[in-house]
4 protein chains.
Amino acid sequence: MAKKATPGTRKTPANTLTRGHKKKARTRRQLLDAALRIYAHAGVGDLALNTLAEEAGVSNGTVYNYFRSREEVLEAVGLELAVQLSEQILTVSEAVDSGAERLSIAVRTFMNKARTDPDWTRALITVVRYAEGMRSALATYLRADLQAGRRQGDFHYAHEEMAMSMVISATLGAMNLLVEDGEVEHADRIAAEMVLQALGVPAGEAGRIAGLPLPGEGG
Amino acid sequence: MAKKATPGTRKTPANTLTRGHKKKARTRRQLLDAALRIYAHAGVGDLALNTLAEEAGVSNGTVYNYFRSREEVLEAVGLELAVQLSEQILTVSEAVDSGAERLSIAVRTFMNKARTDPDWTRALITVVRYAEGMRSALATYLRADLQAGRRQGDFHYAHEEMAMSMVISATLGAMNLLVEDGEVEHADRIAAEMVLQALGVPAGEAGRIAGLPLPGEGG
Amino acid sequence: MAKKATPGTRKTPANTLTRGHKKKARTRRQLLDAALRIYAHAGVGDLALNTLAEEAGVSNGTVYNYFRSREEVLEAVGLELAVQLSEQILTVSEAVDSGAERLSIAVRTFMNKARTDPDWTRALITVVRYAEGMRSALATYLRADLQAGRRQGDFHYAHEEMAMSMVISATLGAMNLLVEDGEVEHADRIAAEMVLQALGVPAGEAGRIAGLPLPGEGG
Amino acid sequence: MAKKATPGTRKTPANTLTRGHKKKARTRRQLLDAALRIYAHAGVGDLALNTLAEEAGVSNGTVYNYFRSREEVLEAVGLELAVQLSEQILTVSEAVDSGAERLSIAVRTFMNKARTDPDWTRALITVVRYAEGMRSALATYLRADLQAGRRQGDFHYAHEEMAMSMVISATLGAMNLLVEDGEVEHADRIAAEMVLQALGVPAGEAGRIAGLPLPGEGG
DNA sequence: CATGAATGAGACTTCATTCAT
DNA sequence: TATGAATGAAGTCTCATTCAT
C-alpha cells in the first residue's frame, strides 16, 4: 500500500509497555485525552475521528470499539470534561459555608486553572459552546451557592436563571481572555469581584471576599 | 492579495463595474442575508455553500462570483453582522452623555433585540463564537462607554480588558438564555442592572439607571 | 496524495464526444447501464458505488448528483429494468386475445431474451431476487393473462397467487438454466409448454400453442 | 448422515484431534445453527461474523478456529443445509415406487416444511440463491424420481435439465410465497398438482396423486 | 482453544471548488 | 455573470481478519 508513515500500527518499538493488560481502559483514556488536546487547538467541528485516532496513536477503526459514532465521542468527551470539572469544584471550598465565598473560590479556581492549564480551558470553552448540556452541569454546582448566598443576605438577584447564565458566561469570558490574550495580574480576584458585585454584593465586601486566601494556599 | 479585479469582495476598484452593479449588489446581499438565516438555525459548521446558494436562490457556482472561498463568505458575513451591530448601537443613546446610562441602554437594546429577533441574535452569537474578531468590533463601541463611566465616577473596575470581556460575555450569555430558554420578565433591565453592578455601580443606582425609559420608548 | 491509478477521471481521450450538451441525461444512462453490467456479473451486494462510478466512467461523487443514496441507486436500477421489461412484454402479443397464447408468447419471448442477452437476463434475475417489488411488476402483466386464460376455459388453477408465483419462478428458473448452463434446443417452446401444462392446459394443446410462430417471426 | 468425523474444516488429517473433539463439534454446530438463524432473517450479505459469533455465543476470534474465512463459513452453511435437506427427502417416500408419487410427496413435504418452519425455509431459499451448487444437491434427488416417473409412463418432458430446473424453481417459488405472503389453504397439494401437470401428468391424475395421504399422516 | 482489542482496507457520503456552456 | 454537472479530497463507519494474552 506504500503508506508513508503508518504511525500507530504494528512496530511501535517505543511503547511496548503500553501493550500490557489493562489495554481497554488505557486506550479509552488515550482517546479522551487526545480529544481534549484536539479541542484545545481546534474547534468541535475539526474533531475528525481519523485525526483523533492518529493523535491517540491507534488506528482508525479502533475508535469504534469505544464509541458507536462520532456523536458519542463528543458526548463522552463532554462528560469526561464535566467529571474533571466536578473534581475541580468539589475539591475546593468543602469547608466553606458562605455562598458568596464559595462562589468566589469557584470563580478564582477556574481562573487559575485557565492560567495554568490553557489547553484544558480551551477544551472546556469549546465543549460548553457545543454541548448546551455542559452548562447544566455547571449550573448544578452553581445554583446551590447562589441560593445559599441569597439566604445569607449576600446576594440580591432578580432572576436566578439570569444570574446563573451571567455568572457562567462572565467567568468563561474571563477565562477565555486569559487564555487568548495572555497574562493579567490578579485576574482571579478581579473576576471574582466583578461576579460578586454583579450579584449585588457591595464593592467593599466583594473586594474583601475576593481577596481571601484560597483554601490550600497556605495563608 | 494583489489580485487585479477582486470583483465581489471588498474594495470594488472603481474602474470595473460602474455599470450593472445594481444586480450584483443585490445578489451579494441575497447571499449575505441567506447566510444569516442559516446561521440562525444551524452552526457555522453547517453553512454549506450548496445550502447557502439554494437559500439565496442562486446556483451554487454563482457564489464563487462573489466570494473566492467559503472562508471569505464567513468573513463577509461577520463583517456584515458587525455593520448591522453598529447600526443597532449608534442609533440608540446618541443624546446620552452618561457612560453608565449609555451602557445600560446598549445592554437593554441588545436584550430587546434578542427578544424580538431571535434569528438575528442566534446568528450574532454564532458569529461571535466563530470569529474572535467580532468581539473587537463590539469592544470598540464598548470601550468609550466604559471609560466615560469611569471618568464620571460611576464605574470602578480594576482592568479594562477584563471588564469589557465580562460585559460582552455576560450580555451575550443573557441574550442566549432569552433566545434558547424563552421569555423572562424585564430581562433587559435585569441584565443591565447586573452588568452595571459588576462594574461597581451600587445596587440602588444600578437599579435606577437600568429602569430609565429607553430613548424612543415614549416616556 | 500519491494515488496510483485514478482510473476514470480526466484523460479519457476517446469519449470526448460525450462532452456534449445533454450531459445530464447521458450520465444518468451511463450509470444505469453500468449498474446493469455489474448486476450481470456480480450480485447486488457487490454493487459498490465506487465500482459503479468507475464502470460508468465518472467520478465517485458524481453518482450522488443522480441518486441520494446507494439505496436509491438500487431502486432506480430496478425501475429501469422494470421499464425495459414492460417494453419487452408490451411490444409482443398486442394483437393476441387468447390468454394462453399471450402467456406462451411472453414466456418464449423471455426465454429468447435469455439466449440473446444473457447480461440483461442475469441482471433481471439478480434484481428480482433482491427487490421483491420487481415480482409485483411482473405479476401485474401476468395476472391479466392468467385471468383471460381461465375465462376462456384454457387455464384451470386452484389459487391465482400460487399460479403466478409458480409461473414466474419457473420461467426465471428456466432462463437461469439457459444463461448459466448454455444452449438448449427449443428451450423457449419447452418452457412455454411446461408452464401451460402446469396451468391445466392438456399436453397436446399446450404443445400446439407453444409451437405457434411468434408474432413478428414471419411465418 | 455419515457425518460424525469431519469436525474441523474439510479433511481432518486424522492424526490431530482424536481427543476433546466433543466440545469442538458442539461449538461448530452452534456456529452453523446461528448462521441458519441469521440467514432466515437477513440476506447472505448481512451475515457478519461479528453477528454470527454473538448469535452463537462465542467471541469473534473463535470463529476462526473453525473456519478459515468468511467464505468458508458460507460454504459450510450451504453444506449443512444440504445435509438437512437430504434428511427431509430421504425420510419420506421410502416405500413408494411411483416416481410421480415420490415427487408429489417431496413437493408437499417441502411445502409443509415451509409452513411449519419458515426460518429454515428462508435460510434454504437464501442459500439456494447464493450457492448455485445447492441446486445440484437438490437435483441429485430429483433426477431419480423424474426418470422413474418417465419410465413408468407418467411424466412426459422434452428436456430433463429444463424439467428439473423448473420443478425446483417452481417449488421454491411456492415455498417463498407461503413464507412471505402467509397461509394458503392446501398449498402443498396445489403446488404438487401444478408440478405434476407441468411434467405432463393429466389434470385428473395429477389431482389424484397430489391428494393421496402423505406417508405417516395416518390415513 | 478462547478471547476480544486492534487493525486497516474499503464502502458510503458530503461538499468546497472548478469549468464548460 | 449565471448555471449546474463534475470532481475528488476528506470524513464517517463497517467488518473480515490478526494476534497477544
Side-chain angles (χ1 to χ4, degrees), chain A residues 1 3 6 8-10 12 16 19-21 23-28 45-53 57-71 73, chain B residues 7-8 17 20 23-24 27 46-53 58-71 73, chain C residues 1 3 6 8-10 19-21 23-28 45-53 57-71 73, chain D residues 17 20 23-24 27 46-53 58-71 73:
Chain A
M1 246 275 138
K3 286 295 189 58
T6 328
T9 50
R10 214 86 55 108
T12 55
T16 326
R19 306 271 159 185
H21 33 134
K23 218 185 313 186
K24 183 133 190 207
R26 185 189 299 273
T27 302
R28 191 169 207 279
D46 292 331
L47 198 157
L49 292 203
N50 46 3
T51 308
L52 174 60
V58 300
S59 92
N60 203 337
T62 295
V63 177
Y64 288 87
N65 289 336
Y66 295 89
F67 308 102
R68 267 196 296 272
S69 69
R70 181 178 188 273
E71 204 55 32
V73 175
Chain B
L17 34 84
K23 173 135 179 242
K24 211 170 152 179
T27 304
D46 292 335
L47 196 157
L49 294 202
N50 260 353
T51 312
L52 174 59
V58 301
S59 84
N60 65 6
T62 297
V63 177
Y64 285 83
N65 290 326
Y66 295 91
F67 307 98
R68 260 199 302 276
S69 69
R70 180 177 187 272
E71 205 56 31
V73 174
Chain C
M1 245 275 140
K3 287 296 189 57
T6 328
T9 49
R10 215 87 57 107
R19 307 270 159 187
H21 35 133
K23 219 185 311 186
K24 183 131 192 209
R26 185 192 298 272
T27 303
R28 191 168 207 279
D46 293 329
L47 197 158
L49 292 205
N50 46 3
T51 308
L52 174 59
V58 301
S59 93
N60 203 338
T62 294
V63 177
Y64 288 87
N65 290 335
Y66 296 89
F67 308 100
R68 267 195 296 271
S69 69
R70 181 177 188 275
E71 204 55 33
V73 174
Chain D
L17 34 83
K23 172 133 180 243
K24 214 171 146 176
T27 304
D46 292 334
L47 196 157
L49 294 203
N50 261 353
T51 312
L52 174 60
V58 300
S59 83
N60 66 4
T62 297
V63 177
Y64 285 84
N65 290 325
Y66 295 90
F67 306 98
R68 262 198 299 276
S69 69
R70 180 177 187 272
E71 205 55 33
V73 175

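Convention: sequence-line order gives letters A, B, ...; per-chain numbering from 1.
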ask   = Using Watson-Crick and G-U wobble pairs with both distances under 3.5 Å, what is the 5'-to-3' dot-bracket string of DNA chain E, with [ ] for crossing pairs and | for pairs outside the strand?
value = .||||||||||||||||||||
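- Across the protein-nucleic acid pair, Phe67(D) atom CZ and dC1(E) atom P stand 13 Å apart, rounded to whole Å.
- In this view, Thr51(A) and Ile38(A), Ala48(A) satisfy the side chain to side chain contact (heavy atoms under 4.5 Å, CB included) rule, not counting sequence neighbours.
- Residues satisfying the side chain to side chain contact (heavy atoms under 4.5 Å, CB included) criterion with Tyr64(D), sequence neighbours excluded, are Leu49(D).
- Take the nearest nucleotide of DNA chain E for Val63(D) and for Arg68(C): the residue whose nucleotide is more 5' is Val63(D).
- Using a 4.0 Å heavy-atom criterion, one finds that Val58(D) contacts the sugar-phosphate atoms exclusively.
- Regarding contacts with the backbone of dA2(E), a side-chain N or O of Tyr66(D) is found under 4.0 angstrom from either OP1 or OP2.
- Whole-Å rounding puts the Asn50(D) CG to dA5(E) P distance at 11 Å.
- Close to dA2(F), at under 4.0 Å from its OP1 or OP2, lies no side-chain N or O of Ser59(B).
- Note on Asn60(A): every side-chain N or O is 4.0 Å or more away from OP1 and OP2 of dG8(E).
- Taking atom CZ on Arg26(A) and atom P on dA6(E), their separation rounds to 11 Å, with Å as the unit.
- For dG4(F), the OP1/OP2 oxygens have no side-chain nitrogen or oxygen of Thr62(B) closer than 4.0 Å.
- When each of dA6(F), dC12(E), dC15(E) is scored by its nearest atom to the side-chain atoms of Tyr64(C), the top-ranked nucleotide is dC12(E).
- Looking at heavy-atom distances under 4.0 Å, Thr51(C) makes no contact with the nucleic acid at all.
- Here the closest heavy-atom approach between residue Val63(C) and residue Ala53(C) is recorded as CG2-CB, 3.8 Å.
- The CG atom of Asn50(A) lies 11.0 Å from the OG atom of Ser59(A); values are rounded to the nearest 0.5 Å.
- The phosphate of dA2(F) has OP1 or OP2 within less than 4.0 Å of a side-chain N or O from Asn65(B).
- Nearest nucleotide to the side chain of Leu49(D), out of dA16(F), dT18(E), dT1(F): dA16(F).
- In terms of position along DNA chain F, the nucleotide closest to Ser69(A) lies nearer the 5' end than the nucleotide closest to the other residue of the pair Ser69(A) and Ser69(D).
- Checking dT3(E), dT12(F), dT17(E) against every side-chain atom of Arg70(A), the shortest atom distance belongs to dT12(F).
- Comparing Glu71(C) and Glu71(B), the nucleotide of DNA chain E nearest to each residue sits closer to the 5' end for Glu71(C).
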